[in-house]
Amino acid sequence: MATMTEAYVDSVALNAAAIKNGRDLVKKNSFPKLCRSEDDTLIFGECKGSGKEPYRCSVDFVKPDSPVFRCSCPSRQFPCKHILGLMYAYVLGKEFQVDAVPQDIADKRDKAEKREEKKKETAAAGEETAVKRKPNKSALAKKRAAQLEGIGLLEKLVQQIVQNGLAGLDAKTAKMMEDQAKQLGNYYIPGVQAAFRELLFILRTSEDRERVYTEAMDRLTVLQSLVKKSRDYLTERQQNPELPPDTESGLEERLGHAWQLAELREHGLARHQAELAQLTFRSYTDEARGEYVDEGFWMELQSGDIFAVRSYRPFRAAKHLKEEDSFFSVVAAKELLVYPGDLNPRARWEDMTVRDMKSEDYGTIRSHARRSYVEAVKTVKNQLKNPLSDKHPVMLLHYAKLGRIGEDYVLEDEQGKRIVLGDIPALGQSSTQLLPLLKHGDMQDQAMLVMFEHDFADGRLLAQPLALVTSSEIVRFIY
């Protein structure tokens, strides 16, 4: 519990409103009783509620990486504001008197310990603690047949758009395409369906038509490649059901496969005892998919790998799902699970502890920054050549100088090679306008996190600043 910080409490809250409500309880002195166990593994107390009896809440850190939250209130939000308020009271330095562990919590601890002992005994006896589900080959064959049928429908839709021309997509045709896009949802290919809806969404926009058509042509290329690769992959797996899934690319996820944690472990995609720091964070709306996306880019301190950590909240269920936010502490994850992907694969973790950032952490992050722009650009271009790869890779670049050439800001490496900075449409917000506000010392020998995009209109590679990493802080440019 010594590692509990305000950032940690913020991270377990469901949304910003829950954070505010929890903090307000502390400000209003709503906790007439605040207690902690002698060994500091438990905090508990009473919080004034709307009824006569106060709510009894507690946070049990007997297992530091998986705390247990309890509250007697009827709230469906978890952890509720009373639990959050209790934790905020602790980290903000409110006085907690030492008291014995309540009997009901002691009983629950005892039951949990017995369950753990039983698991260990079962494992020691060589008995299987879980039955591995065998895949239903008949059901899988039917699913793949349906997926192939859906891929065939997508191919017809793409061919129809190409034959009619982008300019020939009138309101009536667009409505028909939307209806057919809904039909793709019947073929177990939600990722493919979303990719087609993204194309239709682009064509509906009323922006500069030339830019719209350029972007639409790129999406058509992606869809045509998706049709071919998906068909080849599904056909091969249909003919040989024993083939393992593709773990080298994001094709399975594009088809809509939801990777289970056990699958990631089985295919060697788990890392252990990983420490991570969030370099940047943003939330955005994905209209085509009908969901809010919370996205953070995190660096694993040991390897320097940069992962995308995303949380998806469908419009209809958004209020019931946890809203992620910026995180400013270091996460120590017992197990880091990495999804198949490209330069910035998606990652997640379950159990974690947190600690404050130290000065040496900034040095570690900076040490992983790429110093050769020739190699960095080569890596980016190799990824962009693949139609199904992420078109917006993120990198941390060391720069010897940051300056201007004409109207453009540029980063320059130690060999004099340059990368042009600019605002890219994918982010939907400007950050280059903040560069004039940087201090003089930030203009040289620093590290900058950037997101790349190929500008089709100008035919050049742009990098938009996401964050600046100095020896003492991380300055974030987007939100």
Side-chain angles (χ1 to χ4, degrees), residues 133-164 166 168-205 216 218-241 243-247 249-260 263 285-293 310-318 320-321 339-341 346 387-388:
R133 290 182 59 187
K134 294 182 178 180
N136 186 321
K137 293 184 179 180
S138 175
L140 280 176
K142 290 181 180 179
K143 179 180 179 180
R144 288 180 186 130
Q147 288 177 315
L148 283 166
E149 187 179 346
I151 294 298
L153 174 58
L154 173 65
E155 184 176 36
K156 290 178 182 177
L157 294 174
V158 171
Q159 287 176 347
Q160 187 175 348
I161 292 176
V162 172
Q163 289 169 358
N164 293 339
L166 296 175
L169 194 67
D170 55 22
K172 183 179 179 181
T173 307
K175 177 65 170 62
M176 180 190 69
M177 289 284 182
E178 283 284 357
D179 293 339
Q180 290 176 316
K182 291 179 182 178
Q183 291 179 31
L184 286 172
N186 300 325
Y187 296 98
Y188 308 104
I189 48 174
V192 173
Q193 179 192 30
F196 183 67
R197 291 191 65 188
E198 285 171 1
L199 170 64
L200 297 181
F201 184 78
I202 290 170
L203 292 172
R204 286 203 307 268
T205 60
D218 180 57
R219 296 303 176 98
L220 281 169
T221 302
V222 170
L223 287 171
Q224 287 177 322
S225 180
L226 186 57
V227 165
K228 183 182 184 306
K229 292 196 174 185
S230 297
R231 177 179 284 134
D232 291 346
Y233 177 68
L234 291 169
T235 300
E236 187 178 18
R237 297 211 68 192
Q238 190 179 45
Q239 293 171 349
N240 187 356
L243 278 177
D246 177 11
T247 57
S249 74
L251 183 58
E252 279 277 5
E253 198 163 358
R254 271 200 175 262
L255 285 169
H257 178 65
W259 287 96
Q260 302 299 309
E263 288 181 286
T285 303
D286 190 331
E287 295 287 354
R289 293 174 181 264
E291 58 193 11
Y292 301 108
V293 183
R310 298 188 184 96
S311 173
Y312 302 97
R313 294 176 289 125
F315 291 162
R316 293 181 179 180
H320 303 296
L321 298 174
Y339 292 76
R346 192 157 67 92
L388 298 187

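We count residues from 1, following the sequence as given. This one's a predicted model, so the numbers in the text were calculated from it and none came from an experiment.
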Peer 1: Say whether, by atom type as modelled, one donor and one acceptor occur between the side chain of Glu263 and the main chain of Gln260 under 3.5 angstrom.
Peer 2: yes
Peer 1: Can you tell me how far the CG atom of Asp218 sits from the CG atom of Leu223, to the nearest 0.5 Å?
Peer 2: 10.0 Å
Peer 1: First locate atom CD of Gln159, then atom NZ of Lys156, and finally report the distance between them rounded to the nearest 0.5 Å.
Peer 2: 9.0 Å
Peer 1: Minimum heavy-atom separation for Leu321 to Pro314, with atom names?
Peer 2: CD1-CD, 3.7 Å
Peer 1: Any non-hydrogen side-chain atom of Gln160 less than 4.5 Å from a side-chain atom of Met176?
Peer 2: yes
Peer 1: Please tabulate, one pair per line, all N/O donor-acceptor pairs under 3.5 Å involving side-chain atoms of residues 224-234, not counting sequence neighbours.
Peer 2:
unit_1, atom_1, unit_2, atom_2, d
Lys228, NZ, Asp232, OD2, 3.1
Ser230, OG, Leu226, O, 2.6
Arg231, NH1, Glu155, OE1, 3.4
Arg231, NH2, Glu155, OE1, 2.8
Tyr233, OH, Asp246, N, 3.0
Tyr233, OH, Glu252, OE2, 2.4

Peer 1: Which donor-acceptor pairs under 3.5 Å do side chains of residues 178-199 form with protein atoms, sequence neighbours excluded?
Peer 2:
unit_1, atom_1, unit_2, atom_2, d
Glu178, OE2, Arg204, NH1, 2.2
Asp179, OD1, Lys175, NZ, 3.2
Asp179, OD2, Lys175, NZ, 3.2
Asn186, ND2, Gln183, O, 3.4
Gln193, NE2, Ala181, O, 3.0
Glu198, OE1, Arg219, NH1, 3.1
Glu198, OE2, Arg289, NE, 3.3

Peer 1: Using a 4.5 Å cut-off on heavy atoms from C-beta on, say whether the side chain of Ile161 contacts that of Met177.
Peer 2: yes
